[in-house]
Structures are given as structure tokens and as C-alpha cells.
Protein chains: 2
Amino acid sequence: MPQPSDLLTRLAVSTVIFALRPDHSGRSVLWTPLVRRTREPQRGYWALPGGWLPPNEELEVAAARTLRATTGLAPKYLEQLYTFGQVDRSPGARVVSVVYWALVQSDEAARASAGPNVRWVPADTLPALAFDHNRIIEYALWRLRNKVEYAEIAHAFLGETFTLAELREVYEAVLQRSLDPANFRRQMIASGRLRETGERLAGAPHRPPRLYRYDTSAVTAESREPFMRERPAS
Amino acid sequence: MPQPSDLLTRLAVSTVIFALRPDHSGRSVLWTPLVRRTREPQRGYWALPGGWLPPNEELEVAAARTLRATTGLAPKYLEQLYTFGQVDRSPGARVVSVVYWALVQSDEAARASAGPNVRWVPADTLPALAFDHNRIIEYALWRLRNKVEYAEIAHAFLGETFTLAELREVYEAVLQRSLDPANFRRQMIASGRLRETGERLAGAPHRPPRLYRYDTSAVTAESREPFMRERPAS
């Protein structure tokens, strides 16, 4: 029993990808890939990778497929970000977009398709995008900056192991401000989220920095409720 | 240019409401309102309040309207929880449901419609519901139990002011375990999220307990990044 209302509302999926890459000054900032629209509406505008939801395809699968098809990117997993459905967000018929997101490492970002219809841009200085895609990326940035588990973000951007300098670079890029190295080191160690790997950065100068690993065992609901636990003796 | 795929996919909204109410033993637990389905598919099954999304109605407005129409509940605001779209979640056509949620105070819950087709049930001991609604409520409970800002949850359940005993009752209901009152009091005060109102519980016995207020000024992205700040001297 199809509802007349359904015939006027369409479902789409889109994906916001963030990677850490140097800006013109060499400082690491957040970048996101955009795709140029080759069809109306808003033909020629840059937009998030995405497409229509086929009736027999799972939401996340559709998001991954359209992302790969347009940008060549295939993140290990996509997380649902939010569903945007404002009546007037798209000219013509009502379109509700289920938006997924992922953080990718710079080497994966570098493997992304190049070409006239795919472009990476700094996520904090966007051009005017199609539909409400500026607002979607702003929301994704807000979510990223409010994420509780920063070590998790670093893990996603940097991979299994990383130095404290690399970790600080992630924090500085996400928080958009520079942090005191000594203070940062002390606070990171105190956070209990990092474990030394015992290894040091390969191919580094005469005093190679230690490599750390993000300790997932420390990440539990409890660990996010500090005042529900006894505070560690300090 | 309608896509054939759209004609087979329908959009719905549903709402998960939680309130704190006593169970048979008088202990506060989480309750959620359900609505009996009066139409196929799955006629007679209990389900979340909800309905189809009309083409010209905002998602949140549709969620609020269908919630009010079925249960009489009108929470101050609804928050988007997640969008459930598994291909096989509904018999027949593909249905994608954008799910909203809210925490309401027990007096508001008490104002909800009664009747043979509306029923409140303890959220942790659900019957077999229509579609994937058991899974949706389990997901909502998981999100609630992983929420960072517990004071925010207490605020939503208890209102502007509350005693430490009432606050502990919220934590015990959400965490499903009892907490040591003295320890809880110490940790709550230490959390810096509470402010004394200077008032005491009205109509209470000869030593009425103090009333506290949830300090929203303490809730910022920074406050959720403890290791990004100098730790308070302890």
C-alpha cells in the first residue's frame, strides 16, 4: 500500500571524508574530498560524494559504493553521521540524505582518484557547495571537535603507531590551535590512553622519537565517566 | 527526474522516549511508551510511536506530531538518534526510518495518553516488538548509557533542581547498579557540574536535603577533553 507522500520524497546517501594533509604553509589541516556535479540540479557545483539509495542496497553499502565510484576511496568502515532532510534543501522533489563519515590516513587520501571532477579542499575554508553540503561538513567538523575520544581520532588519522609529535599535530589540526609540546606530552602520558611500543621512528635523525600505540582497552563507557570511578591517585 | 528506485523505498519517522518510573519493587527504572499497531503489516504488535514522513513536513516536526498523536507526549525537543534502513527490516516495501529520541520527566510521562493501544514498558525487559524496534530501543539504551554528560541526563529526567539522592537514583537507573551514597556525593561535588541553589527540598522531613542545579556553563567541548586542560589541583 504505497503512500502518495513517498512518491515525492527521495532517499540519497552522502559521505564526508576527513584526512590530515599539509596546507600551503606546510601545517597539517583537515581536508575533505569533493565531487563536481555533472547533472542538474546544481550542475557544476562541488558536492559531497554520494548518490541515490537503491531499494535493495543497505545504506552503508550504498554510501561506500558511491564514495568509491566517485573518489576511489574505500575506508575500512563508515560511521553514520546524521540524516539531513529539510524540505527545501534540494530544488524540486524532497530529498532526504543519510550522511556517513570516515577519517582516513593521508596515504589512503593520496590514493584517491584525481581528475577535473574530484578535488580535496581544506575543510575549514570551503567554497559554496551544492545543496546544504556546507552545513553538512560544518556539522561533521563540529562532531569531530566534540568527539570524546581524541586518541581514537589520532588512531584513525595516523594508524597503529605514532610519535607524540604526530599526535600533537592531529590535535592541533582538529582544535585549530597550537599546543605546548611539553605540556601536551605530560597530559597525553597522564591520559592513560597511550602505550609505548618499545620501538622508535624508523629513518629518523640520530635521536629517533618513541612510537606509541592507542590503548583501546582503556576505552569503555566507564572510562568516559571519570566521576563514576575512583580518581587515580595523583 | 524521479528514479525508479525511489518508488520502492519509503520514509518513516519513529521516536524513542525514556522516563524514570518505579518498577514493581518501587525502584526507579527506565520506561518507554509503545503503541499497538492497528494496521498491517504486523497488526497487533507493539511498536515505537511514529508514522510516514509527509513530503512537506520537516523530519523532527513529523516525529513530534506522530508522537503527540499516538501518545499525547510533547517533549520540549527531540534529538535525532539514528536512521535505520536495513533492506529487510519491514515486510514488503523498503522502509527507512529516521528515529528521534527524548528523555522526559515523570510528570510529563504521567500526562501521556492511556488506553488499550498505548502502554509504557520497562525499557530493559521488552516484549517482541514490531519490525526491528527491539533493536532500535536497545541502541537508544546503549547511547544513553554511553552519554558523556550524565548531569545532562539527570537534568532532562529531573528538571531544573534536584537532590543528590534523586540524582543518584538517575545514575542507578541508567547504569543498572546501586552506588554508594557517600562516594557518589563526593564524586558529584568533585565533578564541578553541580551548583547549590541555596534551597532545600520543600515538604521534606525535619532535615530537608539541599537542592542542586546542573551547571550548563561547565559543559563545553573543552570540558569533555580533560587531558586537553590543566588538571585542577587536587
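Here is how names work: the chains are called A, B, and so on, in the same order as the sequence lines, proteins then strands, and each is numbered from 1. Predicted model, so just to flag it, every value in this text is computed and none were measured.
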Participant: Would a distance-only check, ignoring hydrogens and angles, find a side-chain to backbone donor-acceptor pair under 3.5 Å from A/Gln86 to B/Glu58?
Facilitator: no

Participant: Taking B/Gln80 for its side chain and A/Tyr82 for its backbone only, find out whether a donor-acceptor pair lies under 3.5 Å.
Facilitator: no

Participant: Tell me which of these, A/Leu59, A/Val61, A/Val87, has more heavy-atom pairs under 4.5 Å with chain B than the rest.
Facilitator: A/Val87

Participant: Where along residues 157-166 of chain A does a heavy atom come under 4.5 Å of chain B, listed by residue number?
Facilitator: none

Participant: Looking at B/Tyr139, I'd like to know if its OH atom is crowded, meaning that more than 12 non-hydrogen atoms belonging to other residues, nucleotides or ligands lie closer than 6.0 Å.
Facilitator: yes

Participant: Counting only non-hydrogen atoms closer than 4.5 Å, does A/Glu60 touch chain B with its backbone (N, CA, C, O), its side chain (CB onward), both, or neither?
Facilitator: neither

Participant: In terms of heavy-atom contacts, does CZ of A/Arg185 have more than 12 from other residues, nucleotides or ligands at under 6.0 Å?
Facilitator: no

Participant: Do A/Val96 and B/Thr83 come close enough that some side-chain heavy atom pair is under 4.5 Å?
Facilitator: no

Participant: Would you indicate whether the side-chain heavy atoms of A/Arg94 and B/Leu11 approach each other to under 4.5 Å?
Facilitator: no

Participant: I need the B/Thr9 OG1 to A/Asn56 CG distance, nearest 0.5 Å.
Facilitator: 8.0 Å

